[in-house]
Amino acid sequence: MSDAAILAQPLTLPAETLRNRIVKAAMTEGLADREGRATPALERLYRLWGAGGAGLLISGNVIVDKDHREKPGNVVIEAEPDAEARAALTRWAQAARADGAGFWMQISHAGRQTPALVNQAPKAPSPIAVNLPGNRFGRPVALTEAEILDLVQRFARAARVARETGFTGAQLHAAHGYLVSEFLSPRANQRTDAWGGSLENRARFLLESVKAARAQTGRDFTLSVKLNSADFQKGGFAPEESLIVADWLAQAGVDVIEISGGNYEQPRMADLDGAEKPDLSGLPASTAAREAYFLDFAVEMRKRVKVPLMVTGGFRTAAAMARAVRDDGVALVGLGRPMVVDTDAPKRLLAGAAELTRWENILRVGPGLFGPKSPIMLIKAVNGFGAMSWYYQQIRRLGAGEAPDVKLGLLKALSVEEKTQKAMLG
């Protein structure tokens with residue numbers, strides 16, 4: 001069977017059948033209005049991605065508290081949406097699904113990674129600040145138990161609203177250093193009550209949110225979790241803990257687990273160096289060298305759980321994607337950054353294309369000490385956020401009906417993005 005034929009196989013889940021194994025993975029869009037409502041720009045963007053041939057699209061962060069957006073322009077569902085907001089969500093879902101793709105809402109809360117321009121004192125499991133230069137993030141305040149219980153219901157409510165407005169599934173974001181990931185990490189979560197300490201306690205917020213979401217959506221709606229394989233930090237969420245949590249998620253009835261890793265301090269999900277040397281202990285030796293960053297860990301997880309697994313991060317060749325499905329037991333392969341410029345990447349892969357353009361190789365970063373591998377912490381941070389801003393700007397262009405600008409420089413992208421976000425907050 002050819003690589004394209006392997007990727008073209010449908011995947012049957014309890015609540016839906018996806019037409020192929022390629023997923024447009026979640027990427028933050030920043031295209032909502034100031035009230036956190038979906039917009040025509042999001043409709044244009046997702047209609048374009050839906051026509052690109054993927055079997056599934058996953059939205060960027062939909063936030064359950066407007067004061068904890070991971071960036072201005074996130075869609076927000078923090079209470080029962082009014083008629084206007086509900087209609088906007090419905091139009092968004094209809095646009096994404098117009099060509100036959102499934103569409104999942106990714107539900108999140110930025111926790112201590114809430115930008116300071118959004119909130120100077122964000123809520124988090126513990127008052128432990130993000131260790132990055134530049135004062136991009138505020139000093140977090142520990143959540144009370146009442147606030148934690150309220151957030152569990154907010155995650156569940158957002159999942160129900162997703163179902164009611166035409167999404168085919170929801171994904172709880174428990175990776176990348178956002179709130180749920182912070183609860184899981186003993187480095188970020190130093191609570192001494194029922195929500196911290198042992199792994200069972202640190203996983204309580206995630207598992208209670210899954211339970212509440214399932215109660216409000218029913219079994220005939222796909223429920224997924226995006227889970228870190230590891231934080232790649234000493235004292236952080238460890239690989240063996242991730243395997244245990246995956247087993248608990250399987251028992252809780254989660255339909256798909258997406259494997260990722262890292263956070264803003266150690267952004268392995270973006271193939272970037274962090275503020276400290278990454279901790280690879282407990283991970284397969286080839287993890288750092290494989291085309292797909294988290295594929296080897298998926299092989300280990302496959303031995304523990306029967307839940308379908310999704311891997312995103314680093315895939316660029318059809319051969320690697322097909323091998324992941326055929327040999328490694330991965331059900332779905334996610335494409336993120338390639339689809340920001342090549343919106344029809346899935347369609348081309350299914351038609352027999354061997355490789356996608358590596359746009360990350362053309363990003364305009366400086367040489368030597370000023371390059372992406374600079375040993376200077378501040379330069380690392382600038383390059384990391386600059387790369388993210390480059391992709392944000394391309395997404396904004398797509399939402400506006402414009403073509404990507406691949407000649408855009410990193411520093412200019414960072415500057416424009418900063419100004420755009422500040423303007424969105426008024």
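In what follows, every heavy atom counts, from backbone to side chain, and hydrogens, waters and symmetry copies are set aside.
- Judged purely by atom type and a 3.5 angstrom limit, Arg348 has no side-chain atom pairing as donor or acceptor with the backbone of Ala353.
- Using modelled atom types, no side-chain atom of Thr168 and backbone atom of Gly102 make a donor-acceptor pair closer than 3.5 Å.
- Here the CG atom belonging to Leu31 is positioned 5.0 Å from the CG atom belonging to Leu42, to the nearest 0.5 angstrom.
- At least one donor-acceptor pair closer than 3.5 Å links the side chain of Trp49 to the backbone N or O of Met339.
- With respect to the salt-bridge test (charged N to carboxylate O, under 4.0 angstrom), the residues Glu417 and Arg396 qualify.
- Salt-bridge check for Glu418 with Arg136: passed, with a basic side-chain N closer than 4.0 Å to an acidic carboxylate O.
- Considering Leu11, Ile6, Leu7 in turn, Ile6 is the only one that fulfils the side chain to side chain contact (heavy atoms under 4.5 Å, CB included) rule with Gln9.
- Between Gly111 and Pro122, the shortest heavy-atom distance links the atoms O-CB, 3.4 Å.
- Of the charged side-chain nitrogens involved, none lies within less than 4.0 Å of a carboxylate oxygen, so that Asp342 and Lys347 do not count as a salt-bridged pair.
- A salt bridge is absent between Asp327 and Arg323; no separation between the charged side-chain nitrogens and carboxylate oxygens falls under 4.0 Å.
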- Stepwise, does the ring-ring contact (aromatic ring centres under 6.0 Å, His included) test hold for Tyr46 with Trp92? CA-CA 7 Å; Tyr46 277 82; Trp92 185 20; 5.6 Å; yes
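- Glu80 places a side-chain heavy atom less than 4.5 Å from the side chain of Arg160.
- When Val180, Leu206, Val210 are each tested for a side chain to side chain contact (heavy atoms under 4.5 Å, CB included) with Phe155, only one passes: Val180.
- Gln94 contributes atom CD, which lies 9.5 Å from atom OG1 of Thr165 (distance to the nearest 0.5 angstrom).
- Phe183 and Phe205 have parallel rings, their planes meeting at less than 30° on a 0 to 90° scale where 60° marks the start of perpendicular.
- Closest non-hydrogen pair, Val76 versus Lys66, comes out as CG1-N, 3.8 Å.
- With 3.5 Å as the limit, one finds no donor-acceptor pair spanning the side chains of Trp104 and Glu258.
- Residues Ile107 and Arg154 form no side-chain contact, since every pair of their non-hydrogen atoms from C-beta on lies 4.5 Å or further apart.
- Here CD1 of Ile77 is found 8.5 Å from CZ of Arg86. Values are rounded to the nearest 0.5 Å.
- The CG atom of Asp255 sits 11.5 Å away from the CG atom of Leu249 when rounded to the nearest 0.5 Å.
- Asp328 and Arg302 are not joined by a salt bridge, as no carboxylate oxygen comes within less than 4.0 angstrom of a charged side-chain nitrogen.
- Put simply, CD on Gln171 and CE on Met105 are 12.5 Å apart, with the number rounded to the nearest 0.5 Å.
- Side-chain atoms of Lys412 and Ser389, non-hydrogen and from C-beta on, never get closer than 4.5 Å to each other.
- The pair Arg316-Glu355 does not meet the salt-bridge criterion, since no charged nitrogen lies less than 4.0 angstrom from a carboxylate oxygen.
- Listed here is the closest heavy atom pair of Pro125 and Glu182: CD-OE1, 3.3 Å.
- Between the CG atom in Asn74 and the NE2 atom in His68 there is a gap of 12.5 Å [rounded to 0.5 Å].
- Side-chain contact, Thr28 with Glu70: a donor N or O sits under 3.5 Å from an acceptor N or O.
- With hydrogens and angles disregarded, a donor-acceptor distance shorter than 3.5 Å links the side chain of Arg202 to the backbone of Leu184.
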